[in-house]
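A note on names: the letters A, B, ... follow the listed sequences, proteins ahead of strands, and every chain is numbered from 1. Quick caveat: nothing in here was measured; it's all calculated off a predicted structure.
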Amino acid sequence: MKYNIILMYFYNILIINHSIIYSCGVLVTREIEKKWQKKWEEAKLFQSNHDEKEKVFLTVAYPYPSGAMHIGHGRTYTVPDVYARFKRMQGKNVLFPMGWHVTGAPVIGIASRIKNKDPWTMELYEKVHQVPKEELSKLEDPEYIVKYFSSEYHQVMSDMGYSIDWRREFKTTDPSYQKFIEWQLRKLKEMGMVRKGNHPVKYCPNCDNPVGDHDLLEGEGVDVNELTLLKFEIDGKYLTPATFRPETIYGVTNLWLNPEVKYIEVENNGENWIISGKSFNNLSNQIKDLNIVGEIDPKELIGKEVKNPVTNKKHPIFPASFVDPEYGSGSVFSVPGHAPADYIALQDLKNNHDLLNKYNLKDTVANIQILNVVTLKKYSQIPAKDLIEKLAIKNQEDPKLVEATNELYKVEHSKGVMSPHIPDYAGDNVAIAREKIKKNMISDSLASIMYDFAEHPVVCRCGNRCVIKIMDNQWFLKYSDEDWKEKTRECLAQENIIPNEIRSNFEYYIGWLEDWACSRRIGLGTHLPWDKQWLIEPLSDSTIYMAYYSIANYLKELNVQDINDAFFEKIFFNKDSDDLKITDDIVNTIQSEFSYWYPLDWRLSAKDLIGNHLSFHIFHHAAIFPKENWPQGMVVFGMGLLEGNKMSSSKGNVILLSDAIEKYGADVVRLFLMAAAEPWQDFDWREKEVIGTKRRLDRLFEFAKTIEDIKGSPLDLNNIKKVKLSRKIDLWMINQLNIRIKDTTDALEGFQTRKALQDSLFLLKKDIDHYMYRVKHLLESNKRDEAIVFVLSTVLKSWIKILTPFIPHSCEELWSSYGGDGFVAKTLWPIDNIYFADESNVSDDEFLASETIEKSEEIVQGTVHDILQIKKILDKEPEKIHIYLANDWKWDLYKIADDVGKPDIGQIMGRAIGQNVHSDKKEIAEFAKKISREMTKTRYIGKIDEQDILNDAKDFIEEEVNTKIFIHKDNSYDPEDKAKNAIPYKPAIYME
RNA sequence: GCGGGGGUGCCCGAGCUGGUCAAAGGGGACAGGCUUAGGACCUGUUGGCACAGGCCUACCAGGGUUCGAAUCCCUGCUCCCGCACCA
């Protein structure tokens, strides 16, 4: 024990040292980040108002603040911030708002658990969500929970430097928002999109409330199954076994009852049913007015007969210990032909002489004839038996029995056909027959529907067992309505979906969605305006709230009583009305604000919300707004992983965003999150790689210092001394910069943050390294080379700009440190033809084409590479290196080969001879053969002046290969006949 | 079961409108340099065989289309995600 404490002590020291060492490398500290955040706020940089500029309106799903923000959330909210900042620099007027979705039930449960000092919850909120002790007890109030965490979210979002227009912040319980929701629901009701009906839910009788999966102590993710209750008559009463497979009613041989459990007689609508005592709780929540009449002794029923409701055959009742009194109604009908469990139970009973004697069943059991119902290829008339034999199942306790049951259920459902002797349904697929039989039996009052959990128990957090309750008089949104679906599809079709592969997912969900229960009993929220006992279900109040953002700041100024339906009709549809209570000028201002910002350009959300939130969002926009205000695009996010494992607050596997910011700084966190994966992919937070990201950021600052060092005086980005460039390597660097700017811009347009950073940070850094390497020898002879200073300053200036959306604090700091004017966030995004766009630079026609510039550098590098390769395998150091360039006829032939486009030597030869490119046919053939394969590996961009290129880089090459080089256009000196190896873009080499 | 998306080198992960792909980038490993030292930085190597700039084998498996396939088509295997009344 002591030993461990000592070890921990050392470990702590190591950790402390660790962070000290790293923090030494920080160039942008938290203080600097806070400084810039304050400056942005003071300058109201992100307050967006209606003006003449082109607008971009984007929203990201507002959070449900029931816990602290973790790095997964950090990614979700950084993506829109990066895009917003990018678009602003492109001169757009961008609206990026934020609100809090506080309606719903979870906080109610959390609050009561905190009140009850539930240890798990207390630990979660204290350790994972890091709520201070003095605040913890206040979380007994659900309103306080959302208040506490929404202000926490607000703080962390500010610390991340998000460019949010906070004037439009709201909570979904704000009175004016509730007015907005009431208006929407009334509107939908008027349109006939709301109906009343019944609906089964997971329910806790103790809490007297429906419960969601996250409110469960046990049984998370357990399905609710729909079962058919079949009524088997016995002495004027009914036994009501429940089943998944009503079609097997034709194969019933007997019923099973558990003689060791309590059964009761209940009265239901004039009928008397015999059910297990334990099933009453569940059934009574589903069937109205179910009254207990008395107890029934199951032992007395054993051996008696029941009547099959469909075939009218008589079946005996047998005892069985496997009958679970909690499942269904506590009795089971036996289909040994198609249910392995029934088959084996029957076998077991046959061998159980004690039991047979006790109930005097010997003859009855022996007379049971197993019946066939379903015909299945590759199976006998008794498929249950086949499977039991195949899996070698010995008795009822065998765990493989479940496997056999599931297997047969699946196979018969998907491939089974009703056997020829089954009346009315012979030849039908099982799946179809099942539905038909169920429907017919219910309409003939031979059966009814009940619901049960697929597994027991399902336990509420309060400790009580849950049941399934039919909620009656529920209100539904009619997503099943075909016209509504059609309109929704139309809306989807005109939207941009990123990534586009997700589109088919939406199409699927729109088709699949059925009516959605939009009312609930508990939680925070808005009451249904026409039926106040109901609250509006929290997904249904979050469908078109983006429209609310556009006017939220104005609504804060208004008197809530004055906000009525007429107001919203005016704002959203410009409909005039006598009921308006607000003066014209104010209404018109708000109206124009809405019509400026709408439609929504981009909606961002997580991919697990496709089937509900996002689909509802389309449904409601399609229903309520005219086409010109339909949403324009959606971006769907992936999930977050932590060191390869799924992030989950409730499992404690999270890193809080606030901790990450404290440790690494907002820019590092932003940079890592944006570089780790594209938004729609799952990203993985790996500590090691986060640290790597930090180093890379530091190097940006070092680069700036390097330039100043070369220049020998302070950098002034706002006033870069222009120099006309003549060296190809300088042009190459500028050209690479342009390529990176273009690729970054394209990537950002499509929300590809990872690719954008790949281009703007990593690849550009590589280019700069390469450039520095290429000009190293020039700096040695002239440290203050003006062209180099010009090139590097130009690169730095653009580099800072294109990184600003990602690491805004660092970029502001760099910008202001090196003479930039104002906020870099307010500067314009760089164009992608810097230098070349200026006509005075463009005298040398040859270097207009970026391809040529790239190719030149490739030739230089390729030549160096080849020389080094050959040198490596020579015995001795060469004294001279001769470089031979391809002569004109080779270029001509190369062009022909490119035109032909494939390695078809015959055709290339034919054309070459036809055009008479060269007199020596043998040489042509030889060369054609040589290049025919090479061709496909090289990009042909036309003839370029290789001599000029190599001469320009001659000193660099000589330094690299440490030997004098001689460039030859012909083979006047060619002792080893190497010149013939020269190919366009790939000179021949000879060393001596 | 229904629906969607994948399987790439030691690991993560790009590429996938066919040729510039032995395959970007990162991580790891190895070697070297810089250094008092380094968890900092730089360079090189990281499929095999060659050794005058080359060849072979490779992108789950099998088949096909093509002059040419990681990329297109078919088949199989396999992994992941969603399936609801609720954030």
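With P as the reference atom, rU43(B) and rU75(B) are 49 Å apart, rounded to whole Å. Rounded to a whole angstrom, the distance from the C1' atom of rG13(B) to that of rG25(B) is 8 Å. The P atoms of rU66(B) and rC10(B) are separated by 33 Å, rounded to the nearest whole Å. Separation of the C1' atoms belonging to rG7(B) and rC12(B) is 14 Å when rounded to the nearest angstrom. For the C1' atoms, the distance from rU8(B) to rC60(B) is 10 Å, rounded to whole Å. For the P atoms, the distance linking rG9(B) with rG5(B) amounts to 23 Å, nearest Å. Spacing of C1' atoms, rA22(B) relative to rA69(B), comes out at 15 Å, to the nearest Å. Remark: the separation of the P atoms in rA23(B) and rG47(B) is 10 Å, to the nearest Å.
Among the nucleotides rG13(B), rC85(B), rC86(B), the one closest to any side-chain atom of R520(A) is rC86(B).
The residue among Q681(A) and T103(A) whose nearest nucleotide of RNA chain B lies closer to the 5′ end is Q681(A). When each of V201(A) and Y990(A) is assigned the nucleotide of RNA chain B with its nearest heavy atom, Y990(A) is the one assigned upstream, toward the 5' end.
Partner of D515(A) under the side chain to side chain donor-acceptor pair (under 3.5 Å) criterion, chosen from K478(A), R195(A), Q474(A): R195(A). Each of K765(A), Q736(A), E857(A) was checked for a side chain to side chain donor-acceptor pair (under 3.5 Å) with H770(A), and the lone residue meeting it is E857(A).
Of all heavy-atom pairs spanning I110(A) and I145(A), the tightest one is CG2-CD1, 3.7 Å.
The interatomic distance linking L761(A) (CG) with rA24(B) (P) rounds to 19 Å, in whole Å. Rounded to whole Å, the distance from CD1 on I522(A) to P on rC86(B) is 8 Å. Between M772(A) atom CE and rC41(B) atom P the separation is 18 Å, expressed in whole Å. Atom CD1 of I883(A) is separated from atom P of rG53(B) by 17 Å (rounded to the nearest Å). The interatomic distance linking F506(A) (CZ) with rG5(B) (C1') rounds to 15 Å, in whole Å. For I983(A) and rU20(B), the CD1 to P distance is 15 Å, given to the nearest whole Å. Distance, I502(A) CD1 to rG6(B) P: 10 Å, rounded to whole Å. Rounded to whole Å, atom P of rG4(B) lies 16 Å from atom CD1 of I497(A).
Under a cutoff of 6.0 Å and an axis angle of 45°, K855(A) and Y985(A) form a cation-pi pair.
The existence of a salt bridge linking E247(A) and R434(A) is confirmed by a sub-4.0 Å separation between a basic side-chain nitrogen and an acidic carboxylate oxygen.
Residue L609(A) is classed as a base contact, given a heavy-atom separation below 4.0 Å to a base. When heavy atoms are screened at a 4.0 angstrom cut-off, P65(A) is found touching no nucleic acid atom at all. Within 4.0 Å of A988(A), counting heavy atoms only, lies at least one base atom of the nucleic acid.
Remark: the backbone N or O of Y62(A) is not paired with any side-chain donor or acceptor of H101(A) at under 3.5 angstrom.
For rG82(B), the paired base is rC2(B) (Watson-Crick or G-U wobble, both distances below 3.5 Å). Across all strands shown, rC41(B) pairs with rG33(B); the Watson-Crick or G-U wobble distances both stay below 3.5 Å. Summarising the base pairing, rC59(B) is matched to no nucleotide, lacking a Watson-Crick or G-U wobble pair whose two defining distances lie under 3.5 Å. Checking rG18(B) for Watson-Crick or G-U wobble geometry (two distances, each under 3.5 Å) identifies no partner in any strand. Across all strands shown, rG54(B) pairs with rC49(B); the Watson-Crick or G-U wobble distances both stay below 3.5 Å.
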Do any N or O atoms of the protein come closer than 3.5 Å to N or O atoms of nucleotides 79-84 of chain B, and which pairs are they?
unit_1, atom_1, unit_2, atom_2, d
rG82(B), O2', Y509(A), OH, 2.7

Atom pairs, protein N/O to nucleotides 25-27 of chain B N/O, distance under 3.5 Å:
unit_1, atom_1, unit_2, atom_2, d
rG25(B), OP1, K766(A), NZ, 3.2
rG25(B), O4', Q758(A), NE2, 3.2
rG25(B), O2', Q758(A), NE2, 3.4
rG26(B), O3', R696(A), NH2, 3.3

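Applying the side chain to side chain donor-acceptor pair (under 3.5 Å) test to N612(A) and every residue at least two apart in sequence or in another chain returns nothing. Residues satisfying the salt bridge (Lys or Arg N to Asp or Glu O under 4.0 Å) criterion with D974(A), sequence neighbours excluded, are absent altogether. Annotation: side chain to side chain donor-acceptor pair (under 3.5 Å) contacts of K766(A) (sequence neighbours excluded): none.
The 12-atom threshold is exceeded at NZ of K485(A), counting heavy atoms of other residues, nucleotides or ligands nearer than 6.0 Å.
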When the side chains of residues 756-764 of chain A are checked against the rest of the protein, which donor-acceptor pairs come out under 3.5 Å, sequence neighbours left out?
unit_1, atom_1, unit_2, atom_2, d
D759(A), OD2, K755(A), NZ, 3.0
S760(A), OG, A756(A), O, 2.7

